[in-house]
Participant: 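Before I ask anything, let me first share the structure, which is written out below as structure tokens.
All values reported here derive from a predicted model rather than from experimental measurement.
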Amino acid sequence: MNEILSLRREFKIDDYIEKVKPVVDAVRREGDKAVIKFTKEFDGVELREIKVGEDEIDAAYDEVSDDLIDALEIAKENIERFHYVTAVERDMRIQFEDCLMGKIYTPIEKVGAYIPGGRASYPSTALMIGIPAKIAGVEKLIACTPPNSEGKVNPLTLVALDMAGFDAVYKVGGAQAIAAMAYGTESISKVYKIVGPGNIYVTAAKLLVAKDVAIDMPAGPSEILVIADDTANAEFIAYDCLAQLEHDPMAVAVVLTTSKDLAERVRELVEKHGSFENFRIAVVESVEKAIEISNEFAPEHLTIAVENVEELLSKIRNAGSVFLGNYSPVAAGDYASGTNHVLPTAGFARMFGGLSVESFMKHFTFQMLSEETMNRIGDAIIKIAEAEGLRFHAESVRRRLGR
């Protein structure tokens, strides 16, 4: 287990926070001027305009093939369907014998999304963030994404952002984008929450501004853990591992199997495509042992390909998203099956869940008590309040009891 846990390289995030702090502070002080300065310094692009114009959005549709637009539409439909159906009930009212109580969910009004760029374009992330945000009812949804060498947003990403319903898109990446959304500039509106994955500098900036604005979760390199027995398909498993390993040199892929033959076959198939520092296969004594290790590892993606796979779902405690059986590739969840791919990594699945409609909402509770309610619980309130030395808390109840 220690060998598997050690695959996650420890980052001294405080060092990165110190590196991005001058950037964040400058954007907070100087607004657009600092955003333009750092975009030139870090991305080699001198921005004429920070906001993407309608003409650029229209032009993006002309640059993207109809087949790709159709694929995005299929993904959008499935993501909408899943997130609509699984969203929390917004108005919960419980009528007890002597009182009414409840909980109401309301949308966060202003949200900023970070859509990564650099190594690749991520139109899927635009859909994964924008669709549940709009289902939640976010009024102002903006996105920041790094510009290309021509100072434009990748056309495919831009089409996806438009399809997902973003209200504004800005050609800004890195820590300067996070700072701009957190504190606002002349061009970029201040938001109440920032979501979306990014590199270590983006993560550091999100953690730095978290004292002033809500964030979704810390993020690290992508990862998959596979639990398999001799009923699993070795080729499928190998390519699921390769799919995660191609994300980033620091991505992690682990296979825990009860079958030596399967382990050898998967290793052979993966190593045909290269040598991967963060790829491991271990033969374990039982599926139960594999689940124990997985719950400790808390993977971003957990694939379970064993006999009677659904029976094991109740034993999973820590995972970002779970893929059951031989025909549930992680890539399906990444793009088009409907679940969300913005997920906790680096073990944060122990305390965070993936992005959902609820990620863009908050709730308040309410109560309407009766005289009968106060007669029932009043004495208990008075005793606890007096024990805490809060005289007027107790008195506010005692007056209602006519004492």
Participant: Can you name the nearest heavy-atom pair linking Ala160 to Leu127, along with the distance?
Facilitator: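 So the two residues come closest at O-CD2, 3.8 Å.
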
Participant: Does Ile142 reach the side chain of Tyr170, with side-chain heavy atoms less than 4.5 Å apart?
Facilitator: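 When only atoms from C-beta onward are counted, Tyr170 and Ile142 do touch, with a gap below 4.5 Å.
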
Participant: For Asn318 and Arg350, which heavy atoms make the closest approach, and how far apart are they?
Facilitator: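 Shortest heavy-atom separation between Asn318 and Arg350 comes out as OD1-CA, 3.7 Å.
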
Participant: Would you check if Ser222 and Glu300 make a side-chain contact, meaning some heavy-atom pair closer than 4.5 Å?
Facilitator: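 When only atoms from C-beta onward are counted, Glu300 and Ser222 do touch, with a gap below 4.5 Å.
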
Participant: Check for a donor-acceptor pair, side chain of Arg403 on one end and backbone N or O of Arg400 on the other, with a separation under 3.5 Å.
Facilitator: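 Checked: no pair found.
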
Participant: About how many Å separate NE2 of His247 and CG of Asp334, when rounded to the nearest 0.5 Å?
Facilitator: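 That separation rounds to 5.0 Å.
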
Participant: Quick one: does Thr303's side chain get under 4.5 Å of Ile237's, heavy atoms only?
Facilitator: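 They are not in side-chain contact.
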
Participant: The test is salt bridge (Lys or Arg N to Asp or Glu O under 4.0 Å); show your working for Lys21 and Asp25 and say whether it passes.
Facilitator: CA-CA 6 Å; Lys21 191 174 187 303; Asp25 289 344; 2.9 Å; yes

Participant: Using only atom types and a distance under 3.5 Å, with no angle test, would you say the side chain of Asn326 pairs donor to acceptor with the backbone of Asn233?
Facilitator: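 Present.
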
Participant: Under the 3.5 angstrom rule, does the side chain of Asn78 hit a backbone N or O of Ala336 as a donor-acceptor pair?
Facilitator: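 Yes, because the side chain of Asn78 sits within donor-acceptor range (under 3.5 Å) of the backbone of Ala336.
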
Participant: side-chain contact (heavy atoms from CB on, under 4.5 Å) for Asp212 and Arg28? Distances and angles first, verdict last.
Facilitator: CA-CA 12 Å; Asp212 298 311; Arg28 190 174 188 177; 3.9 Å; yes

Participant: Is the closest side-chain heavy-atom distance between Val306 and Asn308 below 4.5 Å?
Facilitator: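 No, too far: nothing below the 4.5 Å cut-off.
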
Participant: How many angstroms lie between atom NZ of Lys190 and atom CE of Met181, to the nearest 0.5 angstrom?
Facilitator: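 That separation rounds to 12.0 Å.
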
Participant: Give the ring-plane orientation class for Phe42 versus Phe38, where under 30° counts as parallel, over 60° as perpendicular and anything between as tilted.
Facilitator: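 Correct class here is parallel.
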
Participant: Could you tell me whether a side-chain N or O of Arg90 sits under 3.5 Å from a main-chain N or O of Ala136, the two making a donor and an acceptor?
Facilitator: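 A pair under 3.5 Å: yes.
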
Participant: Under a 3.5 Å distance rule, please check whether Ser370 uses its side chain to pair with a backbone N or O of Asp98 as donor and acceptor.
Facilitator: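 Answer holds: yes.
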
Participant: Within a strict 4.5 Å, meaning less than it, do heavy atoms of the Thr203 and Tyr16 side chains meet?
Facilitator: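 No, side chains not in contact.
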
Participant: Go through Asp229 and Thr258 one step at a time and tell me if the side-chain hydrogen bond (donor to acceptor under 3.5 Å, both in side chains) criterion holds.
Facilitator: CA-CA 5 Å; Asp229 63 12; Thr258 55; 5.5 Å; no

Participant: Output the distance between atom OG1 (Thr339) and atom CG (Leu355), rounded to the nearest 0.5 Å.
Facilitator: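 That separation rounds to 11.5 Å.
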
Participant: Tell me, do Phe166 and Ile57 make a side-chain contact under 4.5 Å, heavy atoms counted?
Facilitator: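 Of all side-chain heavy-atom pairs linking Ile57 with Phe166, none is under 4.5 Å.
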
Participant: Any side-chain heavy-atom pair from Pro107 and Phe360 closer than 4.5 angstrom?
Facilitator: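 Answer no - side chains too far apart.
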
Participant: Which value, rounded to the nearest 0.5 Å, describes the distance between Leu262 atom CG and Ile281 atom CD1?
Facilitator: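 It is 8.0 Å, given to the nearest 0.5 Å.
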
Participant: Met163 vs Tyr61, test: side-chain contact (heavy atoms from CB on, under 4.5 Å). Steps then yes/no.
Facilitator: CA-CA 11 Å; Met163 289 172 61; Tyr61 278 91; 3.6 Å; yes

Participant: Decide side-chain contact (heavy atoms from CB on, under 4.5 Å) for Arg399 and Glu395; before the verdict, give the C-alpha distance in whole Å, the side-chain angles of both, and the deciding distance to 0.1 Å.
Facilitator: CA-CA 6 Å; Arg399 294 295 173 116; Glu395 194 62 28; 2.8 Å; yes

Participant: Minimum heavy-atom separation for Gly165 and Lys134, please, with both atom names.
Facilitator: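 Closest approach of Gly165 to Lys134, heavy atoms only: O-CE, 2.9 Å.
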
Participant: More than 12 foreign heavy atoms under 6.0 Å from OH of Tyr183: is that the case here?
Facilitator: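 Correct, the count exceeds 12.
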
Participant: Is any side-chain heavy atom of Lys193 closer than 4.5 Å to a side-chain heavy atom of Lys362?
Facilitator: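 Result no, sub-4.5 Å side-chain heavy-atom pair not found.
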
Participant: Does Glu56 form a salt bridge (Lys or Arg N to Asp or Glu O under 4.0 Å) with Lys171? I'd like the steps, not just the answer.
Facilitator: CA-CA 12 Å; Glu56 192 173 336; Lys171 311 171 190 180; 3.1 Å; yes

Participant: Report the C-alpha separation of Val88 and Val357 in whole Å, then their side-chain angles, then the decisive distance to 0.1 Å, and conclude whether the side-chain contact (heavy atoms from CB on, under 4.5 Å) test is met.
Facilitator: CA-CA 8 Å; Val88 68; Val357 174; over 6 Å; no

Participant: Quick check: are there more than 12 heavy atoms from other residues, nucleotides or ligands sitting under 6.0 Å from CE of Met92?
Facilitator: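 Yes, the 6.0 Å shell around CE holds more than 12 heavy atoms from other groups.
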
Participant: Has the side chain of His363 got a donor or acceptor atom that lies under 3.5 Å from a matching backbone atom of Ile104?
Facilitator: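 No, the answer is negative, given that no donor and acceptor are paired below the 3.5 Å cut-off.
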
Participant: As an exercise, state the distance from CD1 of Ile382 to CD1 of Ile377, rounded to the nearest 0.5 Å.
Facilitator: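 CD1 of Ile377 is found 10.5 Å from CD1 of Ile382.
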
Participant: I need the minimum non-hydrogen distance between Ile108 and Tyr192, along with the two atoms involved.
Facilitator: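 Smallest heavy-atom distance, with atoms named: CG2-CB, 3.8 Å.
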
Participant: If you look at every heavy atom in Gly354 and Leu343, which pair is closest and at what distance?
Facilitator: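 Shortest heavy-atom contact: CA-CD2, 3.9 Å.
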
Participant: So, the side chain of Ser294 versus the backbone of Ala290: is there a donor-acceptor pair under 3.5 Å, distance only?
Facilitator: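 It does not hold such a pair.
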
Participant: Which distance, rounded to the nearest 0.5 Å, do you find between the CD1 of Ile227 and the CD1 of Ile316?
Facilitator: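 So the CD1 of Ile227 and the CD1 of Ile316 are separated by 5.5 Å.
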
Participant: Under the salt bridge (Lys or Arg N to Asp or Glu O under 4.0 Å) rule, what do Glu268 and Lys272 come out as? Steps first, then yes or no, please.
Facilitator: CA-CA 6 Å; Glu268 177 186 313; Lys272 276 175 59 178; over 6 Å; no

Participant: Aromatic rings His273 and Tyr239: how do their planes relate, parallel, tilted or perpendicular, breaks at 30° and 60°?
Facilitator: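 Geometry flag for Tyr239 against His273: perpendicular rings.
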
Participant: Mark yes or no for whether Asp32, through its side chain, and Ser187, through its backbone, hold a donor-acceptor pair below 3.5 Å.
Facilitator: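 Pair found, side chain donor or acceptor close to backbone of Ser187.
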
Participant: Do the side chain of Glu386 and the main chain of Leu390 share a donor and acceptor less than 3.5 angstrom apart?
Facilitator: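 Not a single qualifying donor-acceptor pair exists.
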
Participant: For residues Thr231 and Ala305, report the shortest heavy-atom separation together with the two atoms involved.
Facilitator: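 Heavy atoms only, the tightest pair is OG1-O, 4.2 Å.
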
Participant: Using 4.0 Å as the upper bound for N to carboxylate O, is an ion pair formed by Glu97 and Arg376?
Facilitator: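 Judged by the 4.0 Å cut-off on N to carboxylate O distance, Arg376 and Glu97 do not form a salt bridge.
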
Participant: So with a 6.0 Å cut-off around CD of Glu371, is the heavy-atom count from everything else above 12?
Facilitator: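 No.
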
Participant: Could you tell me whether the side chain of Thr39 and the main chain of Val172 form a donor-acceptor pair under 3.5 Å?
Facilitator: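 No, Thr39 side chain to Val172 backbone: no donor-acceptor pair under 3.5 Å.
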
